[in-house]
Number of protein chains: 2
Amino acid sequence: MQQKIIPDIVIGRLPLYYRALQRMSSKGHTVTSSQELADTLGISAAQIRKDLSQFGEFGKQGTGYNVEYLADQLKKILKIDHVWDMVIVGAGDVGSALARYQGFQDRSLRVKMIFDSDPLKIGKELGNFIVKDISTLIDEIKKEGIKIAIIAVPENEAQEVTDTLIKAGIKAILNYAPIHIAVPPEIRLQCIDPALHLQRMTYYL
Amino acid sequence: MQQKIIPDIVIGRLPLYYRALQRMSSKGHTVTSSQELADTLGISAAQIRKDLSQFGEFGKQGTGYNVEYLADQLKKILKIDHVWDMVIVGAGDVGSALARYQGFQDRSLRVKMIFDSDPLKIGKELGNFIVKDISTLIDEIKKEGIKIAIIAVPENEAQEVTDTLIKAGIKAILNYAPIHIAVPPEIRLQCIDPALHLQRMTYYL
DNA sequence: GTAGACTTGTTACTAAAAGCACTAACAAAT
DNA sequence: ATTTGTTAGTGCTTTTAGTAACAAGTCTAC
């Protein structure tokens, strides 16, 4: 159904556009232009127009884009027109912060469960959750049909947890462990390692 | 002194190589090859060789790279042959998790101070730190000569905090606030927004 | 000492992404 | 009705990034 293949780099920018539109909308703006978005985001107006035109014609020449309408279209494209449940694996500092993170609200994302292997943590309260035993992970994920997981375990456990998650039917993984994990090509993977981001900048200092 | 301009995308991969080498080193490996690194990282061997050759000839034909030596060279290139002190602004969940984060150890990064504007948080203990008053931020940063900052404040305060940090002499910023912040071109900026990473993957589900 | 298997650094080539410029459409003011 | 300024969408050009192939150096086994 997707006629031409859209480059992943374009897909990567869409959430950025959506985030800006949400903010405009909450401020009461009803229309915007590629130029205004460009100024807001630090991306060229031509780039934004080209990206959006890959998916259809959402704007009106001379007028611009209707904020609500464009946001709605992006929601459909990104499949965030409904809430996605997620699991967190690892109830350490990072996992805990993510479990309490308010930034998923209003962005079609919701933490559903959190797992750990440490008997001292299992059963404990954490935010609105009770930490579950990692040995029940496959069953719980399958039962709920969850497709997205966040890994927040030590690096030496990350690959094993990944393999288990994939067995459970997880299709997208956000990895906070500071190590490269291997996944089959059909599994989506994104990594966050603050030290990596920081070391990328020290070169220029 | 830097003869040719190295693309930023190349700089971005160097910390990845360094991380892999650190791991190899801790496992006792003394030599490696572009092929082994490629397998470890999921990047092509040719790519790795080309990236490294931008900075010099670090390997030996037929043999490969000496792990310690290459790691050392990368440390020099990335200027992480000494520890960089950092400040965190915002002592909420994200800031707290970062203040306690163990992943900066052994990676030439160290949190030195944490600030907040909330009187209820100022003066409180947090990990090994006492949360400082944000109104003292400029003085404290200047006094210590700190160049790197992590922003972990709500989105509506992020731009103001950014401007203050730059006044204080900060040259590199890691932004956790879910909003685009504007900085002058000479300031390095990296952003981490987990929702953005996740929404990038939902498209494919 | 030599054959053969490895591995680097480099060059030539291919593919992808971004930038630019232009056309057509629309709105508002006169 | 006409003019002016604005803006989307698109094709073309330039730039950038990645891949593949190869010569030259190194090591090991015999």
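Quick note on labels: first sequence line is chain A, next is B, and so on, each numbered from 1.
- Across the interface with DNA chain C, nearest-nucleotide mapping of B/Ser34 and A/Ala46 shows B/Ser34 to be the residue nearer the 5′ end.
- On a pure distance criterion of 3.5 Å, no polar donor-acceptor pair joins the side chain of A/Gln61 and the base of D/dT7.
- If you take CD of B/Glu36 and P of C/dT8, they are 10 Å apart, rounded to a whole angstrom.
- Here the P atom of nucleotide D/dG18 and the CD1 atom of B/Ile43 are 9 Å apart, to the nearest Å.
- For B/Arg49, whose side chain is taken as the heavy atoms from C-beta onward, the closest listed nucleotide among D/dT10, C/dA18, D/dA21 is D/dA21.
- Sequence order on DNA chain D of the closest nucleotides to A/Gly62 and A/Leu52 puts A/Gly62 first from the 5' end.
- For A/Ser33, whose side chain is taken as the heavy atoms from C-beta onward, the closest listed nucleotide among D/dT7, C/dT10, C/dA21 is D/dT7.
- The OH-P distance, from B/Tyr69 to C/dT8, rounds to 15 Å in whole Å.
- Among the nucleotides D/dT19, D/dG11, D/dG18, the one closest to any side-chain atom of A/Lys50 is D/dG11.
- Of all nucleotides listed (D/dA17, C/dT10, D/dT10), C/dT10 comes nearest to the side chain of B/Glu57.
- Between B/Arg13 atom CZ and D/dT16 atom C1' there is a gap of 12 Å when expressed in whole angstrom units.
- Other residues, nucleotides and ligands place more than 12 heavy atoms under 6.0 Å from the CD atom of B/Glu144.
- Following rounding to the nearest Å, A/Leu37 (CG) and D/dT7 (C1') show an atom-to-atom distance of 13 Å.
- A cation-pi arrangement is absent between A/Lys171 and B/Tyr204 under the rule of less than 6.0 angstrom and at most 45 degrees off the ring axis.
- Atoms CD (A/Gln54) and C1' (D/dG11) sit 13 Å apart, rounded to a whole Å.
- At C/dT7, none of the side-chain N or O atoms of B/Thr63 fall inside 4.0 Å of OP1 or OP2 (strictly under the cut-off).
- Looking at A/Lys60, its side chain has no donor and acceptor atom pair within 3.5 Å of the base of D/dT7.
- Distance CD (A/Gln47) to P (D/dT7): 19 Å, rounded to an integer number of Å.
- As a whole-Å value, the separation of B/Asn66 CG from C/dT8 P is 13 Å.
- In this structure, B/Tyr65 does not reach the D/dT26 phosphate: none of its side-chain N or O atoms is under 4.0 Å from OP1 or OP2.
- Residue B/Ile148 comes nearest to B/Trp84 through the heavy atom pair CD1-CB, 3.7 Å, listed as atom of the first residue, atom of the second, then distance.
- Counted within 6.0 Å of CG on A/Asn128, heavy atoms from surrounding residues, nucleotides or ligands total 12 or fewer; the atom is thus considered open.
- A cation-pi arrangement is absent between A/Lys60 and A/Tyr65, since the terminal nitrogen or guanidinium carbon is not both under 6.0 Å from the aromatic centre and inside a 45° cone about the axis.
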